[in-house]
Amino acid sequence: GPAGASELSDDLAARRARLMERLSPDTIVVLMSAPPRVYSNDVDYEYRQDSNFYYLTGMTQDETFLVLMPGNATRREILFIRDRDASREHWTGRLLSREEARARTGIQTVLSSRDFDAFVQAMLAGRGWGSTIDRSEADSFFRALATGSARLGVALDLAPDGEPPTPTQAFLQRTRERAVGFVPIDVTSHFTDLRIVKTPFELKMLSTA
């Protein structure tokens, strides 16, 4: 029920806060949902969310992106979700509205996944995003960009040799072609450490299970 939902969203918020505590204010972290896997004859696999992405968001749908900016004044978490589309959902299942995504994740700033690429470009250009993330909001990150010391954190998953690049690899490649002033870092190891320390909610769920 709602109590469980708010407990989960509080817990997700605590997990994101613990990750951000480990990162410097000159960092922007970009995490993406797992790509849908499709058989060659167009039969969809059951969708499985990336475990690190799920750990921080509780979101189980694809085309979802999380941006963390630990140095921001107030808006340190931005979630991007797919726009709802009734005709498509008839076949693929219902998508969460922005309000529902806010309630589930505890993230207040929810934008359309169509804006994700442009948003990241704007951040890495030191431009900001309207009144959502303006220059004063992202001051510490933008200052780091200007001195070439900003970091772009991703959970780096490498495609096996001969396979096409993973979405994260493709994203990094695109971003390096378009922007400067940052160093890519891999944040994967932080997830291992975070999972070792259980939150009260996780302990409760474990004892129930």
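Sequential numbering from 1 along the given sequence is applied to the chain's residues. Please read all numbers here as calculations on a predicted model, not as lab measurements.
- Between atom CZ of residue Phe80 and atom OG of residue Ser112 there is a gap of 9.0 Å, rounded to the nearest 0.5 Å.
- Residue-environment remark: CZ (Arg195) exceeds the threshold of 12 foreign heavy atoms within 6.0 Å.
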inquiry  = Applying side-chain contact (heavy atoms from CB on, under 4.5 Å) to Leu111 and Trp129, what does each step give before you reach the verdict?
reply    = CA-CA 11 Å; Leu111 306 175; Trp129 189 258; 4.0 Å; yes
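- Formation of a donor-acceptor pair under 3.5 Å by the Asp26 side chain with backbone atoms of Ala144 is not found in this model.
- Side-chain atoms of Phe182 and Ile28, non-hydrogen and from C-beta on, never get closer than 4.5 Å to each other.
- Taking the side chain as every heavy atom from C-beta outward, Arg82 and Arg88 approach each other to under 4.5 Å.
- Using a cutoff of 4.0 Å between basic side-chain nitrogens and carboxylate oxygens, Asp193 and Arg22 are scored as salt-bridged.
- Around atom CZ of Arg114, no more than 12 heavy atoms belonging to other residues, nucleotides or ligands sit under 6.0 Å away.
- Its side chain within the 4.5 Å cluster rule, Val29 clusters with Leu19, Met20, Leu23, Leu31, Phe53, Tyr55, Leu56, Met59, Leu66, Leu68, Leu79, Ile81, Leu96, Ile107, Val110, Ile185, Val187, Phe191, Leu194 among the Ile, Leu, Val, Met, Phe, Trp and Tyr residues.
- For the atom pair Glu137 CD and Arg75 CZ, the distance stands at 6.5 Å (nearest 0.5 Å).
- Considering only heavy atoms from C-beta on, Pro184 comes within 4.5 Å of Arg176 through its side chain.
- Looking only at atom types and distance, the side chain of Ser33 has no donor-acceptor partner in the side chain of Gln61 under 3.5 Å away.
- In terms of heavy-atom proximity, Ala159 sits nearest to Pro164 at CB-O, 3.1 Å.
- Taking CG from Asp115 and CD from Gln121, the interatomic distance works out to 13.0 Å, rounded to the nearest 0.5 Å.
- In this structure, the side chains of Leu152 and Leu172 come closer than 4.5 Å at one or more pairs of heavy atoms.
- Contact annotation: the side chain of Met32 never approaches that of Asp50 to less than 4.5 Å [non-hydrogen atoms, C-beta and beyond].
- If you check the side chains of Ser189 and Thr192, you find no donor sitting under 3.5 Å from an acceptor.
- Thr64 and Asp62 share no side-chain donor-acceptor pair at under 3.5 Å.
- Residues Thr168 and Thr166 have side chains that never bring a donor and an acceptor to within less than 3.5 angstrom of each other.
- Follow the hydrophobic side-chain contacts under 4.5 Å out from Val154 and you never reach Val183; the two are in separate clusters.
- Scanning both residues, Gly58 and Leu12, for their nearest heavy atoms gives N-CD2, 3.7 Å.
- Across Gly71 and Ser140, no two heavy atoms sit closer than the pair O-OG, 2.9 Å.
- For Arg98, there are no side chain to side chain donor-acceptor pair (under 3.5 Å) partners at least two apart in sequence or on another chain.
- With rounding to the nearest 0.5 angstrom, the CZ atom of Arg143 is 10.5 Å from the CZ atom of Arg135.
- The pair Glu99-Arg104 does not meet the salt-bridge criterion, since no charged nitrogen lies less than 4.0 angstrom from a carboxylate oxygen.
- Using cut-offs of 30° and 60° for the angle between ring planes, the Phe116 and Phe171 rings count as tilted.
- Phe141 and Arg151 get closest at one heavy-atom pair: CE1-O, 3.9 Å.
- Rounded to the nearest 0.5 Å, atoms CZ (Arg94) and CD (Glu100) are 4.0 Å apart.
- Arg127 is not listed as a side-chain neighbour of Phe142, based on a closest heavy-atom distance of 4.5 Å or more.
- Phe119 is listed as a side-chain neighbour of Ile133, based on a closest heavy-atom distance under 4.5 Å.
- To the nearest 0.5 Å, atom OG1 of residue Thr188 and atom CG of residue Asp157 are 7.5 Å apart.
- Nearest heavy atom pair, residue Ser9 against residue Gly106, reads CB-N, 3.8 Å.
- Checked by atom type and distance alone, the side chain of Asn72 never pairs as donor or acceptor with a backbone atom of Thr74 at under 3.5 Å.
- Note: the hydrophobic cluster containing Val30 also contains Leu158 (ILVMFWY, side chain heavy atoms under 4.5 Å, direct or indirect links).
- By the 4.5 Å heavy-atom criterion applied to side chains, Pro35 and Pro167 are counted as neighbours.
- Taking each heavy atom of Arg16 and Thr105 in turn, the nearest pair found is NH2-O, 2.8 Å.
- Using a 4.0 Å cut-off between charged side-chain N and carboxylate O, Asp11 and Arg15 make a salt bridge.
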